[in-house]
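The block underneath contains the structure these notes are about, expressed in structure tokens.
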2 protein chains.
Amino acid sequence: MNSEKPIKFIDKNKNSLLKDLQTLIHQPSISAKNEGIKECSVLVSKMLKKSGIKSEILRLGKNAAPLVYGEVKSKNNPNTTLLFYNHYDVQPVEPLELWDDPPFSGKIIGNKIFGRGASDDKGELITRIKAVESYLKTYGDVPCNVKFVIEGEEENGSENIGTYLKKYKKKFSCDGVVWEFGYVDQKNRPIIGLGMKGLLYVELTAKESVRDVHSSFAVIIKNPAWRLIQALNTMRDENGKILIKGWYDDIKPLTKNDIKLIQKEPFDADGFKKEYGVKNFVGNKNSLDAKKALVSGVTCNIAGIDSGYTGDGAKTVLPGSAKVKIDFRLVPNMDPKKLIKLLEKHLRVNGFGDITINVLNAEAAARTNPNEKIVNTVCESTKKIFGDYVLNISNAGTGPMHAFTNILSVPCISVGASYIFCRMHSPNEFAKIDLLHKTTKNICVLLEKFSRS
Amino acid sequence: MNSEKPIKFIDKNKNSLLKDLQTLIHQPSISAKNEGIKECSVLVSKMLKKSGIKSEILRLGKNAAPLVYGEVKSKNNPNTTLLFYNHYDVQPVEPLELWDDPPFSGKIIGNKIFGRGASDDKGELITRIKAVESYLKTYGDVPCNVKFVIEGEEENGSENIGTYLKKYKKKFSCDGVVWEFGYVDQKNRPIIGLGMKGLLYVELTAKESVRDVHSSFAVIIKNPAWRLIQALNTMRDENGKILIKGWYDDIKPLTKNDIKLIQKEPFDADGFKKEYGVKNFVGNKNSLDAKKALVSGVTCNIAGIDSGYTGDGAKTVLPGSAKVKIDFRLVPNMDPKKLIKLLEKHLRVNGFGDITINVLNAEAAARTNPNEKIVNTVCESTKKIFGDYVLNISNAGTGPMHAFTNILSVPCISVGASYIFCRMHSPNEFAKIDLLHKTTKNICVLLEKFSRS
């Protein structure tokens, strides 16, 4: 089979890609709120079938989002299998008032298609589906076996992906995994990623009075918002350093090879600052330190804090409780379970034992060895289609890569269609249409090269 | 005229009081949201007229809530005037999920009537109206001239009451003011109040990125929630002491007479703790220190804090901004304008000059001299109806008393029907029905005694 032919086929089917992506965007699927999850799983499974991919919906129980499975067996090459991991769920859409169009519009303006999930991850998913569809429609076969594992709770911590992988270990067996997303930088260079950070996401709650009361009582009744703030101040210094004892103990320093790869990565610090409207990086980092931090930095980020009256105008209230959502990004070798214990101990030792901890997500980090064959395969196909690429040893974000590398014991590699400033997780998320088409081509070539590797 | 007769009249009209109070509660009038304000002013003015009180609605401009004025001239005693100050607006009703019935239900269960405003201040207002109505219906006259000043933005800082008082200084001229509310303690003793604390209510906002972004960028983009928390930690210590330089400079210590009066005040510390579900008071205060704090303590209370994602589940977001609402309670001699400058300077000097300050309310404190005649009058009538009373030199809460004592140059005194644990400003606010009736009687007797003082 010649990898050029399906590329031409794709060029003729631009409209079907966009139309199907719009169909996916129109269907809300917010895992954090269990909104539209079941409906979206059915929609995705039907879409796979329409493209000629055998599909079924797998379920674990009431509390787990259904997982959409897809499979095409290769007639020519039945001994090699590539698995596409994606997710059909999306982030919440708040704050609604900052969207120019409704969040599920799928509106196309020039080279952009807008909507929650346009990039993350419905846009990426559609490139994988269309690549496989193009082979099937043109040749009636695929270069190697293809499997799809499309989960429905990635944006809510992928709580059940490990259980799914264990239960369906044989069904999902493969020789390599193409990860759910990949960034493309300002110069149209895909960033090929070999790792993901881990994440520990907790909610801390301080309570005092049984309810919100009149704030005139603040002279004698303690304020849980103040208490939470005092506790938070013991956890992190003003430069972002985490003050929880033992937090950094298991972290291995970057190797010389790691640093070499990081140095090779382009990074437009000024462009980045301009895009986000910030003057300086945390701790006044220079460009190289910023790059190192994106690969190997750990954080204690306040994702949300809420207490008392937060509407318009003045309400003189003493809150009964205060809540903060914190996400800690982790790097390889840090054990989330151990870190939860360190956090508990920290609060207790500092006199904040009454503050409750609710763990919403705990995922370890993962990295694939740069010497794995699949790395070379993906680098070659990407260079062929895009002319250039960047090799990144770890993405700054988190995904359940650790579950795949550990349970399926295969290398994972990340490559995709998401423009680096695509407003992922933010209002007015979009995907660039040309990148969607080029990435579809890239997946086509990659499949062909992988089948021969 | 004999003050006993109108009391009997009131006893026969219990249902009309409750029915009219329900009518007032059913009408939302949330000044912080400008919800139902105009409608409620019309309703109150009509209710005054129905009770035989001449009424008109005064206006200042688009941004000021209308003020309902009422007046009855005494045929027998046209040279003495008592003014009732009340408000028809109420606090916001959030959090809605904690109400057992809808907030504007006016539902009656046993001796309680429930709903936002049941006590604060529609319940108090109805006692004044019904007392005057009882005189008019029984005698066709009142013991002295009566005036009603019923404003519509007390719960939002009474921004325009000073302007109203200045503009209508002659119309509102009087010999004394009965304040808008008064607590009744667990032993059915009305607390007669001679003062109110002041209030400085500000919103502080920290901004960093132009929008909420993916929290994986927290390694390099600063978090405004953390920044706000760092700033807050410079403002107050864990025992509630305000760390803003000069904050305490103008406060005069309590006099020996003040402390004597405070010592006389009953205070059921254990009952208070039980009611609010708290173990210890701020700074482990004992009962006397708690009483002193309620009269003369100043606070820096977080009334609300809000940043990032605060919904259900986990959203990995780095907030673009963070906002906190703070109310500072003030005591006599503290100048809110000066304090705003101290706060600005504090933030600037501590390196937080980028945090913006929005002043939502600034009111000075006020106290009436215990030797004023009206104090004795109110104490006597209250003792007659309730058998006992407590004299309190300052309420822990805030009201625009300073505007009345300064502009009208008359003593103000607070007496009313609100049970001390009536959930004012909180879900399930209620009024005790027997206290509403007894307070109506008290106002009747007080009017009669005041006319002869």
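Atom set for the values below is all heavy atoms of this structure, side chains included, hydrogens, waters and symmetry mates excluded. In what follows, every chain begins at residue 1, and chains take the letters A, B, ... in the order their sequences are listed. What you are looking at is a predicted structure, and each value in this text was computed from that prediction instead of being measured.
Contact count versus chain B (heavy atoms, under 4.5 Å) is highest, among Asn34(A), Asn361(A), Asn223(A), Ile30(A), for Asn223(A). Ranked by heavy-atom pairs under 4.5 Å with chain B, the first of Leu232(A), Thr299(A), Asn233(A), Val202(A) is Asn233(A). Contact tally against chain B (heavy-atom pairs below 4.5 Å) for Ser307(A), Ala225(A), Gly277(A), Ser426(A): the top residue is Ser307(A). Ranked by heavy-atom pairs under 4.5 Å with chain A, the list Arg227(B), Glu203(B), His214(B), Glu155(B) is led by His214(B). Of the listed residues Ile302(B), Thr316(B), Val324(B), Asp306(B), the one with more heavy-atom pairs under 4.5 angstrom with chain A than any other is Ile302(B). When each of Asp289(A), Leu360(A), Asn358(A) is scored by its heavy-atom pairs under 4.5 Å with chain B, the top score falls to Leu360(A). Each of Gly397(B), Ala290(B), Gly311(B), Gly304(B) has some count of heavy-atom pairs under 4.5 Å with chain A, and the biggest count is that of Gly304(B). The candidate with the highest count of non-hydrogen atom pairs below 4.5 Å against chain B, out of Ser31(A), Ala32(A), Ser216(A), Gly308(A), is Ser216(A). Of the listed residues (Val317(B), Val278(B), Leu228(B), Val298(B)), the one with the most heavy-atom contacts under 4.5 Å to chain A is Val317(B). Between chain A and the options Ser209(B), Ala314(B), Ala396(B), Ala218(B), the largest number of non-hydrogen pairs under 4.5 Å is found for Ala314(B). Interface check for chain B: of the options Pro224(A), Cys300(A), Gly320(A), Pro427(A), the most heavy-atom pairs under 4.5 Å are formed by Cys300(A).
Interface remark: Gln91(B) contributes side-chain atoms only to the contact with chain A (heavy atom separation under 4.5 Å). The contact between Arg423(A) and chain B is made entirely by side chain atoms (from C-beta outward), counting heavy-atom distances below 4.5 Å. Of the atoms belonging to Asp237(B), it is backbone heavy atoms, and not side-chain ones, that fall under 4.5 Å from chain A. With a threshold of 4.5 angstrom between heavy atoms, Asp212(A) approaches chain B through its backbone and through its side chain. Neither the backbone nor the side chain of Asn239(A) comes within contact range of chain B; no heavy atom of the residue lies under 4.5 Å from a heavy atom of that chain. With a threshold of 4.5 angstrom between heavy atoms, Asn280(B) approaches chain A through its backbone and through its side chain. Interface residue Glu208(A): backbone and side-chain heavy atoms are both found under 4.5 Å from chain B. Residue contact with chain B, scored on non-hydrogen atoms closer than 4.5 Å, is absent for Asn395(A). Within the 4.5 angstrom heavy-atom criterion, atoms from both the backbone and the side chain of Lys222(A) approach chain B. Both the backbone and the side chain of Tyr309(B) have a heavy atom closer than 4.5 Å to some heavy atom of chain A. With a threshold of 4.5 angstrom between heavy atoms, Tyr276(A) approaches chain B through its backbone and through its side chain. Only the side chain of Lys325(A) comes within less than 4.5 Å of a heavy atom in chain B; its backbone stays farther off. Heavy-atom distances place both the backbone and the side chain of Leu318(A) under 4.5 Å from chain B. Only the side chain of Lys197(B) has a heavy atom closer than 4.5 Å to any heavy atom of chain A. At a 4.5 Å heavy-atom cutoff, the contact between Leu199(A) and chain B is made by side-chain atoms alone.
Annotation for Ala303(A) and Pro319(B): closest pair O-CG, 4.0 Å, computed over non-hydrogen atoms. Nearest heavy-atom pair, Ile229(A) versus Ile229(B), reported as atom, atom and distance to 0.1 Å: CG2-CG2, 3.8 Å. When all heavy atoms of Ile305(A) and Thr310(B) are compared, the pair lying nearest together is O-CG2, 3.4 Å. Across Ala293(B) and Ile220(A), no two heavy atoms sit closer than the pair CB-CG2, 4.3 Å.
Between Phe272(B) and Phe217(A), the ring planes lie perpendicular to each other; the angle is over 60°, past the 30° to 60° tilted range.
No more than 12 heavy-atom neighbours from other residues, nucleotides or ligands sit within 6.0 angstrom of NZ on Lys207(A). By the 6.0 Å contact criterion, CG on Asn63(B) is open, its count of non-hydrogen atoms from other residues, nucleotides or ligands being 12 or less. Within 6.0 Å of NZ on Lys33(B) lie more than 12 heavy atoms contributed by other residues, nucleotides or ligands. Within 6.0 Å of CG in Asp268(A) there are more than 12 heavy atoms belonging to other residues, nucleotides or ligands.
Among Val282(A), Leu294(A), Asn301(A), the one residue that satisfies the side-chain contact (heavy atoms from CB on, under 4.5 Å) test with Val219(B) is Leu294(A).
The pair Arg211(B)-Glu275(A) meets the salt-bridge criterion, since a charged nitrogen lies less than 4.0 angstrom from a carboxylate oxygen.
Side-chain N/O atoms of Asp327(A) and Ser215(B) include a donor and acceptor closer than 3.5 Å.
The side-chain heavy atoms of Gln230(A) and Arg236(B), taken from C-beta on, include a pair separated by under 4.5 Å. The side-chain heavy atoms of Asn156(A) and Lys315(B), taken from C-beta on, include no pair separated by under 4.5 Å.
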